[in-house]
Amino acid sequence: MKITKLTTYRVPPRWMLLKIETDEGVVGWGEPVIEGRARTVETAVQEMEPYLIGQDPARINDLWQTMYRAGFYRGGAILMSAIAGIDQALWDIKGKVLGKPVYELLGGLVRDRMKMYSWVGGDRPSDIIEQIRTLQKGGFNTFKMNGTEELGMLDTSAKVDEAVARVAEIRAAFGTTIEFGLDFHGRVAAPMAKSLLRELEQFRPLFVEEPVLAEQAEYYPRLAEMTSIPLAAGERMYSRFEFKNVFAAGGLSIVQPDLSHAGGITECLKIASMAEAYDITLAPHCPLGPVALAACLQVDFVSYNAVLQEQSMGIHYNKGGELLDYVINKEDFKIIDGYCKPLPKPGLGVEVDEARVIEASKNAPDWRNPVWRHEDGSVAEW
């Protein structure tokens with residue numbers, strides 16, 4: 001079998017799907033994208049075509065190493081996201097050829113169902129109590145929300161009180177019947193992270209995500225020493241070579257590589273195994289589409305330390321497209337009592353509605369995150 005063609009489709013709300021075709025008619029799907037930089041990743045995928053066309057898709061490890069090493073310059077958000085989507089599609093092909101889900105090819109199930117969580121509150125957290133109550137009716141009992149709006153490197157007591165009051169309201173309304181994580185989203189610099197973590201600790205959030213930006217990872221162990229809240233990070237780290245230094249330094253309780261950003265299934269399996277050796281849990285980042293989620297679940301179901309899976313159904317970013325819009329086998333993605341069962345179909349387990357994808361790609365928007373500014377006019381972290 002030989003790879004014959006790669007085709008990318010940018011679709012609403014902010015996703016890109018990749019179709020890899022072979023000379024024997026077997027097709028694989030991947031999801032290579034950086035939110036807000038889809039066209040850039042699309043170009044990177046096209047530049048990798050010469051490494052792939054005419055090659056045997058079964059040689060995933062060799063193709064991965066070729067894409068990673070043959071270009072001399074390597075790593076980073078764009079290149080690793082391009083490799084990630086290609087890698088996902090290659091695993092999809094391999095599973096379909098062998099008639100097995102990818103998790104079977106990786107040693108089989110380590111659990112029977114995977115715990116899922118849902119976003120609430122939007123970019124600027126609001127209406128959280130009502131949204132949680134609505135999602136509880138759908139079986140969810142675990143949630144994530146943004147911890148703050150924009151926050152200066154050194155900000156006011158009022159901003160801290162606002163963030164704390166929001167969390168206090170959740171605990172007052174639901175007690176311990178739910179769990180929730182707080183995403184600082186890189187909006188919080190180290191001086192404010194200390195203050196916020198200290199004030200929030202009494203409410204026992206499940207975790208705090210990106211307490212500071214990944215480029216400030218030296219603060220992870222320092223912050224962990226001063227709080228009992230588990231710290232999570234990893235969505236803006238792109239290879240095991242970046243993660244290894246963070247693991248060795250300590251501080252993280254949860255690692256969150258993105259299967260569409262950190263080299264795909266091949267690389268994220270290695271990151272998950274490295275994390276397990278450091279007694280760090282796995283919760284893959286996935287505010288993306290159906291192929292990305294399917295890839296995450298393949299890793300979740302073979303990784304002992306996988307504890308939570310993010311998913312984008314109903315997330316605030318989804319304007320003009322929802323996760324299951326592009327899926328034929330919607331029932332396989334059904335969430336029951338907050339859990340998803342292993343996807344039963346061969347490959348990644350997602351049947352992509354290609355006609356819907358092609359139609360949607362004709363008018364795909366170029367999604368961009370908003371640019372926020374502080375009161376003094378300087379750019380704020382979104």
Side-chain angles (χ1 to χ4, degrees), residues 18 28-33 60-61 63-64 68 80-81 83-96 98 100-117 209 232-244 246-247 252-312 323 332-333 335 339-350:
L18 165 68
W29 289 89
E31 195 167 332
V33 71
I60 297 174
N61 287 324
L63 293 174
W64 196 100
Y68 182 77
M80 294 303 287
S81 295
I83 291 174
I86 294 168
D87 180 82
Q88 292 168 4
L90 295 175
W91 278 105
D92 196 29
I93 291 170
K94 182 178 281 286
K96 288 173 179 175
L98 298 176
K100 296 288 185 181
V102 169
Y103 56 76
E104 293 290 3
L105 308 183
L106 300 175
L109 298 175
V110 75
R111 57 180 45 84
D112 299 322
R113 55 182 187 162
M114 186 64 203
K115 184 71 171 179
M116 314 292 282
Y117 70 83
E209 180 173 331
E235 69 185 72
R236 287 188 266 193
M237 298 167 63
Y238 309 108
S239 76
R240 62 192 182 277
F241 304 110
E242 291 183 59
F243 281 96
K244 72 172 182 177
V246 173
F247 291 161
L252 292 186
S253 296
I254 305 171
V255 64
Q256 301 170 305
D258 190 305
L259 270 286
S260 281
H261 299 338
I265 290 171
T266 298
E267 185 74 349
C268 287
L269 274 172
K270 296 171 183 176
I271 294 168
S273 294
M274 289 169 65
E276 184 181 355
Y278 284 94
D279 217 16
I280 297 171
T281 61
L282 175 72
H285 180 254
C286 190
L288 294 171
V291 180
L293 178 58
C296 286
L297 289 169
Q298 302 302 323
V299 173
D300 290 331
F301 276 107
V302 300
S303 299
Y304 178 77
N305 55 332
V307 292
L308 289 169
Q309 179 57 60
E310 182 175 22
Q311 53 80 37
S312 71
L323 186 135
D332 289 343
F333 287 82
I335 296 172
Y339 288 86
C340 184
K341 291 183 178 180
L343 303 177
K345 296 189 180 301
L348 294 182
V350 55

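Because the structure is a prediction, the values reported are computed rather than measured.
Within the 4.5 Å cutoff, the side chain of L293 has heavy atoms near those of the F333 side chain. Within the 4.5 Å cutoff, side-chain heavy atoms of N61 are placed close to those of T266. Residues D258 and S81 are not in side-chain contact: their nearest non-hydrogen atoms beyond the backbone lie 4.5 Å or more apart. Residues L288 and S312 form no side-chain contact, since every pair of their non-hydrogen atoms from C-beta on lies 4.5 Å or further apart. Counting only heavy atoms from C-beta outward, the side chains of L297 and C340 approach each other to under 4.5 Å. Counting heavy atoms from C-beta outward, K341 and D112 have side chains that stay 4.5 Å or more apart. The shortest distance between side-chain heavy atoms of P346 and L98 does not fall below 4.5 Å. In this structure the side chain of I60 never reaches within 4.5 angstrom of the side chain of I93, judged on heavy atoms.
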Could you go step by step and tell me if W29 and L348 meet the side chain to side chain contact (heavy atoms under 4.5 Å, CB included) rule? CA-CA 8 Å; W29 289 89; L348 294 182; 5.6 Å; no
Assess whether side chain to side chain contact (heavy atoms under 4.5 Å, CB included) is satisfied between V255 and F247, documenting all intermediate values. CA-CA 9 Å; V255 64; F247 291 161; 3.8 Å; yes
Intermediate values then yes/no, side chain to side chain contact (heavy atoms under 4.5 Å, CB included), E267 and D87: CA-CA 9 Å; E267 185 74 349; D87 180 82; over 6 Å; no
What do the steps show when you test N305 against I280 for side chain to side chain contact (heavy atoms under 4.5 Å, CB included), and what is the final call? CA-CA 7 Å; N305 55 332; I280 297 171; 5.7 Å; no
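For Y304, the OH atom counts as loosely surrounded, since its 6.0 Å shell holds 12 or fewer non-hydrogen atoms of other residues, nucleotides or ligands.
Of the possible polar contacts, one joining the Q311 side chain to the Y117 backbone as a donor-acceptor pair under 3.5 Å is found. Between the side chain of S303 and the backbone N or O of A272, no donor-acceptor pair lies under 3.5 Å. Looking at R111, its side chain never comes within 3.5 Å of a backbone N or O of V302 through a donor-acceptor pair. Under a 3.5 Å cut-off, the side chain of T281 and the backbone N or O of S253 do form a donor-acceptor pair. Distance alone, capped at 3.5 Å, is enough to place a donor-acceptor pair between the E31 side chain and the G289 backbone. A donor-acceptor pair under 3.5 Å is absent between the side-chain atoms of Q309 and the main chain of A283, judged by distance alone. Judged by distance alone, the side chain of Y103 and the main-chain N or O of L343 form a donor-acceptor pair under 3.5 Å. With E104 contributing its side chain and K100 its backbone, the two residues share no donor-acceptor pair below 3.5 Å.
Between A233 and L252, the closest heavy-atom pair is CB-CD2, 3.9 Å. Scanning all heavy atoms of the two residues, the minimum distance from H261 to V33 falls at CE1-O, 2.7 Å. A262 and C268 make their closest contact through O-SG, 3.5 Å (heavy atoms, listed as atom of the first residue, atom of the second, distance). When every heavy atom of P344 is checked against every heavy atom of P101, the shortest pair comes out as O-CG, 3.6 Å. The two residues Y339 and K115 come nearest to each other via the heavy atoms CD2-N, 3.5 Å.
Checked options E209, E310, H285, E235; the residue passing with Q256 is E209 (criterion: side-chain hydrogen bond (donor to acceptor under 3.5 Å, both in side chains)). Put simply, the residue from L105, D92, V102 that forms a side-chain contact (heavy atoms from CB on, under 4.5 Å) with Q298 is V102. Shown are L269, V299, I271; of these, the side-chain contact (heavy atoms from CB on, under 4.5 Å) with P257 is made only by I271.
Atom CG of L106 sits about 7.0 Å away from atom CD1 of I265, to the nearest 0.5 Å. Rounded to the nearest 0.5 Å, atoms CG (L18) and CD1 (I86) are 6.5 Å apart.
In this pair, Y68 and W64 present their aromatic rings parallel. The plane angle is below 30°, not in the 30 to 60° band.
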